[in-house]
Amino acid sequence: MPRLSEVIAALDALWPADLAESWDAVGTVCGDPDAEVSRVLFAVDPVQEIADEAVRLGAQLLVTHHPLYLRGTTTVAASTFKGRVVHDLIKNDVALHVAHTNADRADPGVSDALAGALDLRVVRPLVPDPTDRNGRRGLGRICELEHPLTLAELAERAAKRLPATAQGIRAAGDPDALIRTVAVSGGSGDSLFDDVRAAGVDAFLTADLRHHPASEARERTPLALLDAAHWATEWPWCELAAAQLDQISDRNGWGLRVHVSHTVTDPWTAHAASTPNSTGAPN
């Protein structure tokens with residue numbers, strides 16, 4: 001069995017820390033570099049439910065996309081929910097490693113996995129990494145559909161292909177408009193509107209679209225918008241990352257057992273559809 005330090009070195013080669021945004025907190029949060037690893041769990045969020053799952057599974061390493069501590073802390077006391085996660089992981093010999101914006105920018109990365117889940121062909125990065133001579137790394141992806149779909153059909157495909165959440169898929173635009181090119185960005189994407197407009201695509205699929213940026217985008221161009229749950233747009237990366245580690249394990253003869261959590265950690269748990277009101281908006 002490999003040691004934790006060997007597995008972490010392999011993960012760092014997939015998602016180098018220097019690709020991360022300056023504000024990000026990536027890398028190993030806890031874990032003994034000399035500990036042996038036989039089982040690994042991938043998940044989006046390092047919340048208590050996922051920590052408990054890793055312990056039940058008998059994993060020695062939990063890899064998450066979202067950081068546990070993004071803005072730093074002065075305590076890991078078990079009386080705080082994040083401190084409890086740290087305590088439970090260490091007590092049960094489970095290491096925690098985070099790949100966040102470095103996984104977003106990687107080749108392949110989070111948005112490649114999102115495009116793959118939707119059966120879109122990746123053409124190039126939406127925001128290329130200027131340090132990548134091959135032009136494959138960067139934020140988001142510009143994609144093409146094999147056959148044009150209406151906006152309504154594309155929204156339906158996203159609803160079926162992405163993990164189910166209370167939110168589902170929201171769409172803005174003419175439901176009958178034909179979509180041939182799509183920009184995708186796993187996670188919150190409304191900061192990328194300028195890049196999406198410059199790309200000239202027909203639609204943009206991302207998460208966490210806010211009212212004002214979305215409204216401005218719709219007013220300025222015929223760009224169609226598809227807004228999915230944040231967790232749902234990033235979960236496909238867990239399957240991609242697990243497959244990448246499986247390949248590394250096979251090449252090195254490590255015999256790792258690699259798992260992907262199917263626990264839904266999207267914070268929204270219910271949805272009530274609005275009822276049409278013939279009298280218009282309420283006063």
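All values derive from a computational prediction rather than experimental measurement.
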- Message: Side chains of Thr64 and Val44, heavy atoms from C-beta outward: is any pair under 4.5 Å?
- Response: no
- Same apolar cluster (I L V M F W Y, side chains within < 4.5 Å links), Leu14/Val98: no
- Please step through side-chain hydrogen bond (donor to acceptor under 3.5 Å, both in side chains) for the pair Glu53 and Thr263, ending with a clear verdict. CA-CA 9 Å; Glu53 183 178 350; Thr263 301; 2.8 Å; yes
- Message: Please find the pair of heavy atoms, one from Pro163 and one from Ala232, that lie closest to each other, and give the distance.
- Response: CD-O, 3.7 Å
- Under 4.5 Å between any side-chain heavy atoms of Leu11 and Leu245, yes or no? yes
- Query: Any chance CD of Glu36 has more than 12 other-residue heavy atoms, nucleotides or ligands included, within less than 6.0 Å?
  - Reply: yes
- Listed once per pair and sorted, the side-chain hydrogen bond (donor to acceptor under 3.5 Å, both in side chains) pairs that draw on residues 247-260, sequence neighbours left out: Arg39-His259
- When rounded to the nearest 0.5 Å, the distance separating OG of Ser215 from CG of Leu225 is 10.0 Å
- Sidechain-backbone polar pair: Thr233 side chain, Gly187 backbone, donor-acceptor under 3.5 Å: yes
- Looking at Ser261 and Ala43, what are the two nearest heavy atoms and their distance? CB-CB, 4.0 Å
- Item | Separation between CG of Asp34 and CG of Leu4, rounded to the nearest 0.5 Å | 9.0 Å
- Message: Tell me if a side-chain donor or acceptor on Asp202 pairs with a main-chain N or O of Thr181 at a distance below 3.5 Å.
- Response: yes
- Without swapping roles, check the side chain of Asn92 against the backbone of Val94 for a donor-acceptor pair under 3.5 Å. no
- Note on the structure: Looking only at heavy atoms, the pair that brings Ala51 and Leu89 closest together is CB-CD2, 3.9 Å
- All heavy atoms of Gly109 vs all of Trp237, minimum pair found to be C-CD1, 4.1 Å
- Tell me, which pairs form a salt bridge (charged side-chain N to carboxylate O under 4.0 Å, His left out) where one or both residues lie in residues 110-131, sequence neighbours left out? Asp112-Arg141, Arg121-Glu144, Asp129-Arg137
- Query: Is it true that a side-chain atom of Thr73 and a backbone atom of Thr75 form a donor plus acceptor pair closer than 3.5 Å?
  - Reply: yes
- Is there side-chain contact between Val127 and Leu192, with heavy atoms separated by less than 4.5 Å? yes
- Check for a donor-acceptor pair, side chain of Asp132 on one end and backbone N or O of Pro130 on the other, with a separation under 3.5 Å. no
- Message: Taking Val85 as the starting point, is it possible to reach Val55 by hopping between hydrophobic residues whose side chains are less than 4.5 Å apart?
- Response: yes
- Query: What residue pairs, at least two apart or across chains, pass ring-ring contact (aromatic ring centres under 6.0 Å, His included) with a residue in residues 25-44?
  - Reply: none
- Quick one: does Asp24's side chain have a donor or acceptor within less than 3.5 Å of a partner on Val26's backbone? no
- Spatial distance of atom CD (Glu6) from atom CD1 (Ile8) [nearest 0.5 Å]: 11.0 Å
- Task: State, with a plain yes or no, whether a side-chain heavy atom of Val37 is found less than 4.5 Å away from one of Met1.
- Result: no
- Report yes if the distance between the aromatic ring centroids of Trp235 and His65 is under 6.0 Å, otherwise no. no
- Item | Pairs involving residues 127-171, ordered by first then second residue, that meet ring-ring contact (aromatic ring centres under 6.0 Å, His included) (sequence neighbours left out) | none
- Sequence neighbours excluded, the answer for side chain to side chain contact (heavy atoms under 4.5 Å, CB included) partners of Asp45 is Val47, His66, Trp231, Thr265
- Item | Gly138 to Pro125 - nearest heavy-atom pair and separation | CA-CB, 4.2 Å
- Task: Sequence neighbours left out, what pairs pass ring-ring contact (aromatic ring centres under 6.0 Å, His included) with at least one residue falling in residues 166-219?
- Result: Phe193-Phe204
- Query: Can you tell me if Glu216 uses its side chain to pair, donor with acceptor, with the backbone of Pro213 under 3.5 Å?
  - Reply: no
- Query: Under 3.5 Å, is there a donor-acceptor pair between the side chain of Thr101 and the main chain of Ala20?
  - Reply: no
- Query: Would a distance-only check, ignoring hydrogens and angles, find a side-chain to backbone donor-acceptor pair under 3.5 Å from Asn134 to Arg136?
  - Reply: no
- Item | Pairs touching residues 182-197 that satisfy side-chain hydrogen bond (donor to acceptor under 3.5 Å, both in side chains), sequence neighbours left out | Ser188-Asp208, Ser188-His230, Asp190-Arg210, Asp194-Arg197
- Task: Just grab all the side-chain hydrogen bond (donor to acceptor under 3.5 Å, both in side chains) pairs involving residues 78-91, residues at least two apart or on different chains.
- Result: Gln48-Asp88, Arg84-Asp88
- Query: Going by heavy atoms in the side chains, are Val40 and Val63 under 4.5 Å from each other?
  - Reply: yes
- Short side-chain to backbone donor-acceptor contact, Gln167 and Asp227, under 3.5 Å: yes
- Message: For residues Val122 and Val196: do they belong to one hydrophobic cluster (side chain heavy atoms under 4.5 Å, members Ile, Leu, Val, Met, Phe, Trp, Tyr)?
- Response: no
- Treat each ILVMFWY residue as a node, draw an edge where side-chain heavy atoms are under 4.5 Å apart, and state whether Ile90 and Val29 are in one component. yes
- Item | Residue pairs passing the side-chain hydrogen bond (donor to acceptor under 3.5 Å, both in side chains) test where at least one lies in residues 9-22, sequence neighbours excluded | Glu21-Arg105
- Task: Apply side chain to side chain contact (heavy atoms under 4.5 Å, CB included) to the pair Asp246 and Leu256, showing each step before the final yes or no.
- Result: CA-CA 7 Å; Asp246 259 332; Leu256 291 177; 5.6 Å; no
- Note on the structure: When every non-hydrogen atom of Ala95 is compared with those of Gly31, the smallest separation belongs to CB-CA, 3.7 Å
- Note on the structure: For Trp23, the other hydrophobic cluster members (4.5 Å side-chain criterion, sorted by chain and number) are Leu70
- Taking only residues two or more places apart in sequence, or in another chain, which ones meet Asp104 in a salt bridge (Lys or Arg N to Asp or Glu O under 4.0 Å)? none
- Query: Linking I/L/V/M/F/W/Y whenever any side-chain heavy atoms sit under 4.5 Å apart, do Val76 and Ile50 land together?
  - Reply: yes
- Task: Walk me through it: do Leu41 and Leu61 pass the test side chain to side chain contact (heavy atoms under 4.5 Å, CB included)?
- Result: CA-CA 6 Å; Leu41 177 65; Leu61 173 59; over 6 Å; no
- Task: Each residue besides Val182 in its hydrophobic cluster should be listed here, by chain and number; the cluster joins Ile, Leu, Val, Met, Phe, Trp and Tyr at side-chain heavy-atom distances under 4.5 Å.
- Result: Leu114, Leu118, Leu120, Leu145, Leu149, Leu151, Leu154, Leu162, Ile169, Ile179, Val184, Leu205, Leu226
